[in-house]
2 protein chains.
Amino acid sequence: MEQRHAAVLKAAGMKATPKRLAILELLEAESGYASPEELWKTLKGRFDRLGLPTVYRNLEELSESGVLTKVIHPNRQLYYYFCSNPEHHHHFVCLSCRKVEDIPSCGIDALEREVSIRNGGKVLSHILQLNGLCGGCAKKGEMA
Amino acid sequence: MEQRHAAVLKAAGMKATPKRLAILELLEAESGYASPEELWKTLKGRFDRLGLPTVYRNLEELSESGVLTKVIHPNRQLYYYFCSNPEHHHHFVCLSCRKVEDIPSCGIDALEREVSIRNGGKVLSHILQLNGLCGGCAKKGEMA
DNA sequence: CTCTAAATAGAAATGATTTCGTTTTAAAAT
DNA sequence: ATTTTAAAACGAAATCATTTCTATTTAGAG
């Protein structure tokens, strides 16, 4: 599996450093999204030296190359999520337990085309994210 | 028109202070979204005293009560937009000139229901925003 | 085994946003 | 109109997640 991650990094034109691999492994093992600081706290014990800026930098680079997904959180902090689904899709994120679930294809691509045509503009990107409570958290009525 | 804004504030349970009215008037006159600091710079000349924190606080309160719309910007700063369309809808925001255009109803409500039913969770909110260049900016090839 | 561009460290800076205790004000009540 | 009071505003200072900077280290190509 480390091979797999190394290949992903190589495909993204990034060196497969031990720290990057560790970040990917940790995030893949997580069922949900995590913050840079949380990842750093978990990982810094496994390396002689690991700086928080390194975690920030890698998460951002991995997000830019599409390996990780950035979560838009109401508290405006950064969170990242490892999603193995290579298809274009969107997410339902639980604000309580941080679980992330894929949501089925929506009509956004068609919507993008329509907006482009109607207004003559160019859609560069879109954000679609459902926020809420997953099944388990909804039952418990929890809200971290 | 000031009456109209005062009524909106009253309906939201907020006092119709001159500063709030000025913020609403300025934002309504804008064709696009604006940052707290930009609004503050424009408005502070019209009042003996106007603090930047006051602008932040009011924009956030107005956004919470639904009078203003918050724009999710890639640079992670706060921007607000006055949208007079009372129907639930979404926006296409130009990253260059900041114009905001309504986009037609999408299938999100149905999607929300489906996600709720399929996963047993509860969708509390959703984010849908198209980012891009409006017709004019796309032509000019501009990118502020 | 070099060599070099990319990656990392770590301290320091940044800067948007928020907090806090005080003062002022809108508007309800008299 | 005047009083009252809860809400709003002030503004200096704090916060703190995120970024920058320069020196050092390292992955991986040759």
Side-chain angles (χ1 to χ4, degrees), chain A residues 2-3 5-26 33-65 67-68 70-80, chain B residues 2-3 5-26 33-65 67-68 70-80:
Chain A
E2 189 186 294
Q3 284 304 319
H5 287 155
V8 167
L9 289 172
K10 191 169 190 179
M14 302 171 74
K15 287 187 183 176
T17 69
K19 287 161 188 179
R20 278 179 184 158
L21 292 171
I23 288 173
L24 288 181
E25 277 169 34
L26 184 54
Y33 50 93
S35 74
E37 186 158 7
E38 287 159 356
L39 294 169
W40 174 67
K41 281 180 179 164
T42 300
L43 290 175
K44 67 179 178 182
R46 303 188 197 167
F47 293 94
D48 284 359
R49 315 205 285 161
L50 172 63
L52 184 53
T54 296
V55 178
Y56 269 92
R57 195 180 336 101
N58 279 323
L59 289 171
E60 181 57 25
E61 288 164 357
L62 290 166
S63 162
E64 272 172 16
S65 50
V67 180
L68 296 179
K70 204 184 284 194
V71 171
I72 297 165
H73 201 277
N75 72 5
R76 296 173 43 70
Q77 285 185 215
L78 292 172
Y79 295 94
Y80 295 88
Chain B
E2 188 185 296
Q3 284 304 318
H5 288 156
V8 167
L9 289 173
K10 190 169 191 179
M14 302 171 73
K15 287 186 183 177
T17 70
K19 288 162 188 179
R20 279 180 183 157
L21 292 170
I23 288 173
L24 288 181
E25 277 169 33
L26 184 53
Y33 51 93
S35 73
E37 186 159 7
E38 287 159 356
L39 294 169
W40 174 66
K41 280 179 179 164
T42 301
L43 289 175
K44 68 179 177 180
R46 303 188 196 167
F47 294 93
D48 284 359
R49 314 205 289 159
L50 173 62
L52 184 52
T54 296
V55 177
Y56 269 92
R57 195 180 335 101
N58 278 324
L59 289 171
E60 181 57 26
E61 289 164 356
L62 290 166
S63 162
E64 271 171 17
S65 51
V67 179
L68 297 179
K70 205 184 284 196
V71 171
I72 297 166
H73 201 278
N75 72 5
R76 296 174 41 72
Q77 284 184 219
L78 293 172
Y79 294 95
Y80 295 89

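So you know, we letter chains A, B, ... as the sequences are listed, proteins then strands, and number each from 1. When reading the values below, keep in mind they use all heavy atoms of this one structure, side chains included, and skip hydrogens, waters and symmetry mates.
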Are any non-hydrogen side-chain atoms of [X] and [Y] less than 4.5 angstrom apart?
X       : Y       : answer
A/Leu78 : B/Arg76 : yes
A/Leu26 : A/Leu43 : yes
B/Met14 : B/Leu62 : yes

Atom [atom1] of [X] to atom [atom2] of [N]: distance rounded to whole Å?
X       : N      : atom1 : atom2 : answer
A/Arg20 : D/dT25 : CZ    : C1'   : 14 Å
A/Leu43 : C/dA9  : CG    : P     : 11 Å
B/Lys19 : D/dA8  : NZ    : P     : 13 Å
B/Leu21 : C/dA27 : CG    : C1'   : 14 Å
A/Arg76 : D/dA17 : CZ    : C1'   : 11 Å
A/Leu24 : C/dA7  : CG    : C1'   : 15 Å
A/Trp40 : D/dC16 : CH2   : C1'   : 14 Å
B/Leu78 : D/dT18 : CG    : P     : 14 Å

**Report entry** Short side-chain N/O contact to C/dA6 OP1/OP2 from A/Thr17, under 4.0 Å
**Finding:** no
Query - 5'-most by nearest nucleotide on DNA chain C - B/Pro18 or B/Glu37 - result: B/Glu37
Requested in this report: Check whether any side-chain N or O of A/Ser65 sits under 3.5 Å from a backbone N or O of A/Glu61 as a donor-acceptor pair, and report yes or no.
Outcome: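 Confirmed, A/Ser65 side chain pairs with A/Glu61 backbone.
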Report task. Determine yes or no for a side-chain-to-main-chain donor-acceptor pair under 3.5 angstrom, with B/Arg20 supplying the side chain and B/Lys15 the backbone. Result ->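 The answer is yes, because a donor-acceptor pair under 3.5 Å joins these two groups.
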Requested in this report: Indicate the ring-plane relationship of A/Tyr79 and A/His73, choosing parallel, tilted or perpendicular according to the 30° and 60° boundaries.
Outcome: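 Aromatic pair A/Tyr79/A/His73 classed tilted.
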Query - Positions of residues 49-59 of chain B (non-hydrogen atom under 4.0 Å from DNA chain D), listed by number - result: B/Arg49, B/Leu50, B/Gly51, B/Pro53, B/Thr54, B/Arg57, B/Asn58
